[in-house]
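Index from 1, following the sequence.
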Amino acid sequence: MNDLLAAVYLIFFALIAGGAFALMSQNLRGSASLASQRSGAKPRRHPEAPEPGDEVLYVDFSRERLEELYQQAS
């Protein structure tokens with residue numbers, strides 16, 4: 001019984017290891033082909049990105065500005 005259990009374990013281990021290797025190799029091939037397709041194309045803009053020249057609001061998290069705000073709160 002132990003020999004049969006060991007054989008079943010090894011078969012399932014080989015199936016899982018083979019599936020993991022196949023998945024990894026397909027992911028690497030897909031990312032390599034995607035990189036070769038994008039090498040000459042210009043990058044896509046995010047749909048919510050501001051157009052050039054638009055004014056945007058931002059928060060200044062520099063140390064000096066934060067210290068100034070802390071001193072004002074005290």
Asks: Among all residues two or more places apart in sequence or in another chain, which pass the side-chain hydrogen bond (donor to acceptor under 3.5 Å, both in side chains) test with E67?
Replies: R63
Asks: Taking only residues two or more places apart in sequence, or in another chain, which ones meet Q72 in a side-chain contact (heavy atoms from CB on, under 4.5 Å)?
Replies: E68, L69
Asks: Quick one: side-chain contact (heavy atoms from CB on, under 4.5 Å) partners of L5, sequence neighbours excluded?
Replies: none
Asks: Show the atom names and distances, to 0.1 Å, of all donor-acceptor pairs under 3.5 Å that link a side chain in residues 19-26 to residues at least two apart or in another chain.
Replies:
{"from": "S25", "atom 1": "OG", "to": "F21", "atom 2": "O", "distance (Å)": "3.3"}
{"from": "S25", "atom 1": "OG", "to": "A22", "atom 2": "O", "distance (Å)": "2.9"}

Asks: Which side-chain N or O atoms in residues 46-55 pair as donor and acceptor under 3.5 Å with protein atoms at least two apart or in another chain?
Replies:
{"from": "H46", "atom 1": "ND1", "to": "E48", "atom 2": "N", "distance (Å)": "3.0"}
{"from": "D54", "atom 1": "OD2", "to": "E51", "atom 2": "N", "distance (Å)": "3.1"}

